[in-house]
Protein chains: 2
Amino acid sequence: MKNSKHDHSENMFYVKAGMPADEILCDLGDLFKVFGDTTRIKILYALLESELCVCAIAELLSMTQSAISHQLKVLKDAKLVGNRREGKTIIYFLSDDHVRSMIGQGFEHLTEE
Amino acid sequence: MKNSKHDHSENMFYVKAGMPADEILCDLGDLFKVFGDTTRIKILYALLESELCVCAIAELLSMTQSAISHQLKVLKDAKLVGNRREGKTIIYFLSDDHVRSMIGQGFEHLTEE
DNA sequence: CTTTCATATGAATGTCTGCTCATATGATAA
DNA sequence: TTATCATATGAGCAGACATTCATATGAAAG
């Protein structure tokens with residue numbers, strides 16, 4: 001029942017037991033992937049302060065409206081932001097407070113050496 | 001002082017003020033990027049239970065030793081894991097408890113709908 | 001209805017990234 | 001030293017991804 005050259009300790013069993021289902025691990029990776037881009041991080045940081053329309057974000061980050069729009073779609077698909085129409089403009093906002101705690105957690109790891 | 005077609009509210013000022021330096025935002029993105037891969041998430045989850053040698057991880061995840069080794073390098077560069085030699089094998093372990101809290105935070109966002 | 005403004009979206013492109021394969025390193029055993 | 005085991009690493013490739021460009025949608029003003 002062994003396919004490796006050297007002996008691994010028995011704790012391999014517990015390690016395997018503690019591992020969540022593949023689908024969950026995949027979803028988890030996908031969630032972090034959304035945070036793993038500077039542009040999206042910037043957008044989230046901006047929305048942390050105030051809800052904003054697309055072109056305000058574009059102006060803020062000195063980026064194309066198209067680029068921002070594409071990224072906002074990614075954020076929305078991940079349920080991190082929501083939007084509402086207001087006349088001709090569309091206002092984006094954070095959908096909940098998880099974003100704040102996620103970013104805060106990441107920040108901690110960076111600052112605490 | 002306006003390059004956009006419609007008026008953005010004055011809060012743009014505060015939004016810009018609240019934004020950290022570009023370098024920090026970049027580092028933050030890079031950190032999340034490390035978590036943004038299923039293989040690395042699996043490795044971290046495994047190490048959450050027990051320190052392990054490279055081939056134990058490879059066996060656990062049914063992946064090549066080379067693939068695991070490459071990913072361990074990424075994790076080590078990000079200071080998320082450390083290692084020590086023990087005879088011929090090299091044991092990897094989590095370098096601190098931030099990993100646990102980061103993953104926990106991500107998990108929360110997934111489960112709380 | 002037509003025009004304009006704000007945003008969305010599809011295709012194309014260049015870059016990044018994860019895995020494989022072959023090979024190198026480094027420690028131990030013979 | 002030589003052989004072997006455990007791991008590391010570089011090159012190459014295929015798939016994923018972020019931005020751009022052109023265009024589409026959709027609401028409001030005229």
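Letters go in sequence order (proteins before strands), and every chain restarts at 1.
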Test salt bridge (charged side-chain N to carboxylate O under 4.0 Å, His left out) applied to A:K42 and B:D22, step by step: CA-CA 9 Å; A:K42 284 180 182 174; B:D22 251 53; 3.2 Å; yes

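- No side-chain heavy atom of A:L75 sits less than 4.5 Å from a side-chain heavy atom of A:Y92.
- Atom CD in A:E112 sits 11.5 Å away from atom CZ in A:F107 (nearest 0.5 Å).
- Between A:S66 and B:S66, it is B:S66 whose nearest contact on DNA chain D lies nearer the 5' terminus.
- B:S95 is not listed as a side-chain neighbour of B:V81, based on a closest heavy-atom distance of 4.5 Å or more.
- Distance B:Q65 CD to C:dC21 P: 13 Å, rounded to the nearest Å.
- Every side-chain contact (heavy atoms from CB on, under 4.5 Å) that A:Q105 has, sequence neighbours left out, goes to A:E108, B:H98, B:S101, B:M102, B:Q105.
- Put simply, CD on B:Q71 and OG1 on B:T38 are 10.5 Å apart, with the number rounded to the nearest 0.5 Å.
- Within 6.0 Å of atom NZ in A:K33, more than 12 heavy atoms from other residues, nucleotides or ligands are found, so the atom counts as buried in its surroundings.
- Atom NZ in B:K88 sits about 6 Å away from atom P in D:dA6, given to the nearest Å.
- Between B:Y92 and A:M63, it is B:Y92 whose nearest contact on DNA chain D lies nearer the 5' terminus.
- Within a heavy-atom distance below 4.0 Å of DNA chain C, the residues of residues 68-85 of chain B found are B:H70, B:Q71, B:R85.
- Within residues 26-44 of chain A, the residues having any heavy atom under 4.0 Å from DNA chain D are, by residue number, A:K33, A:D37, A:T39, A:R40.
- When distances are taken from the side chain of A:A67 to each of D:dA8, D:dA27, D:dT20, the shortest belongs to D:dT20.
- Residue B:T64 places at least one side-chain N or O under 4.0 Å from the OP1 or OP2 atom of C:dT20.
- Contact of the B:L60 side chain with the A:M19 side chain is registered, since non-hydrogen atoms from C-beta on lie closer than 4.5 Å.
- Looking at B:L47 and B:V99, their side chains never come closer than 4.5 Å, going by heavy atoms from C-beta outward.
- In this structure, B:I57 atom CD1 and D:dT7 atom P are separated by 9 Å, rounded to whole Å.
- The CD atom of B:E86 sits 16 Å away from the C1' atom of D:dC5 (whole-angstrom rounding).
- To the nearest angstrom, P of D:dA28 lies 11 Å from CD1 of A:I90.
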